[in-house]
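Data first, discussion second: the structure below is written as structure tokens.
Here the structure is a predicted model, which means the values were calculated and not measured.
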Amino acid sequence: MMTCLKLHHQRMMAACALFLAALTIPVKAQVIVDLSVITCGQYGSKDRDTQDVIAAWMSGYYNAAKNQNMVDLSRFDRNQKAVEKYCKTHKLETLMSAIQRTAY
């Protein structure tokens with residue numbers, strides 16, 4: 001009985017130690033972007049990696065709306081370039097509007 005209690009106590013102490021250690025780990029800030037209001041100018045000011053993530057998300061969003069479950073990477077690339085070209089001269093327009101005007 002004593003061994004069982006000792007083992008239970010050790011497990012509880014280990015669990016508490018892990019919990020306290022987890023509290024001291026720095027937490028990364030979450031970044032939330034409302035893509036319905038982002039403008040072409042805001043999109044253009046992001047770094048290339050962020051632009052690619054936004055473009056991929058938008059592609060998935062519009063393909064899902066059309067019930068398309070396949071990705072045509074060459075079409076994705078053409079659309080991204082067309083939207084970026086359009087956005088250079090329409091910085092105040094929303095990115096979603098620019099996509100609807102230029103992508104196919």
Side-chain angles (χ1 to χ4, degrees):
M1 178 76 175
M2 184 61 94
T3 305
C4 187
L5 286 175
K6 192 173 185 180
L7 183 60
H8 178 71
H9 179 71
Q10 288 173 342
R11 285 184 182 165
M12 288 298 291
M13 291 299 291
C16 288
L18 284 172
F19 176 75
L20 291 174
L23 291 177
T24 63
I25 297 172
V27 178
K28 290 184 178 182
Q30 289 184 334
V31 178
I32 299 173
V33 179
D34 183 350
L35 295 176
S36 68
V37 297
I38 191 170
T39 65
C40 282
Q42 291 168 325
Y43 172 78
S45 70
K46 304 290 184 200
D47 62 87
R48 174 66 7 200
D49 287 342
T50 302
Q51 287 177 347
D52 288 344
V53 168
I54 292 171
W57 190 93
M58 288 290 206
S59 175
Y61 175 82
Y62 283 105
N63 279 309
K66 293 178 182 178
N67 221 14
Q68 295 176 343
N69 59 357
M70 299 178 87
V71 176
D72 180 344
L73 294 177
S74 60
R75 189 178 85 201
F76 171 82
D77 188 50
R78 283 191 309 271
N79 283 339
Q80 186 177 13
K81 287 176 182 171
V83 169
E84 288 175 359
K85 181 179 179 182
Y86 180 86
C87 278
K88 286 180 181 177
T89 58
H90 299 86
K91 293 187 185 298
L92 296 179
E93 188 166 343
T94 66
L95 183 59
M96 290 185 106
S97 175
I99 291 168
Q100 291 168 347
R101 292 180 189 276
T102 61
Y104 62 93

Legend entry - Donor-acceptor contact below 3.5 Å, side chain Asn63 vs main chain Asn69: no
Legend entry - Which atom of Tyr62 lies closest to which atom of Ile99, heavy atoms considered: CE1-CG2, 3.6 Å
Inset, instruction - To the nearest 0.5 angstrom, please state how far the CG atom of Asp77 sits from the OG atom of Ser59. - result: 11.0 Å
Legend entry - Considering all heavy atoms, the nearest Tyr43-Gln51 contact: O-NE2, 3.0 Å
Inset, instruction - List the atom of Gln42, the atom of Val37, and the distance in Å for their closest heavy-atom pair. - result: OE1-O, 3.8 Å
Inset, instruction - Please answer: with hydrophobic residues joined when any side-chain heavy atoms are less than 4.5 Å apart, are Val83 and Ile54 in the same cluster? - result: yes
Legend entry - Non-hydrogen side-chain atoms of Cys87 and Leu95 separated by less than 4.5 Å: yes
Legend entry - Minimal non-hydrogen separation, Ala98 against Tyr86, with atom names: CB-CD2, 3.6 Å
Legend entry - Joint cluster assignment, Trp57 & Val53, ILVMFWY side-chain distance < 4.5 Å: no
Inset, instruction - Enter the distance from Lys81:NZ to Thr102:OG1 here, rounded to the nearest 0.5 Å. - result: 14.0 Å
Legend entry - Point-to-point distance, once rounded to the nearest 0.5 Å, from CD of Gln100 to CD of Glu93: 9.5 Å
Inset, instruction - Using a 4.5 Å cut-off on heavy atoms from C-beta on, say whether the side chain of Gln80 contacts that of Asp52. - result: yes
Inset, instruction - Might you point out which heavy atoms bring Thr39 and Leu92 nearest each other, and give the distance in Å? - result: CG2-O, 3.8 Å
Legend entry - More than 12 heavy atoms from other groups under 6.0 Å of CG on Asp34: yes
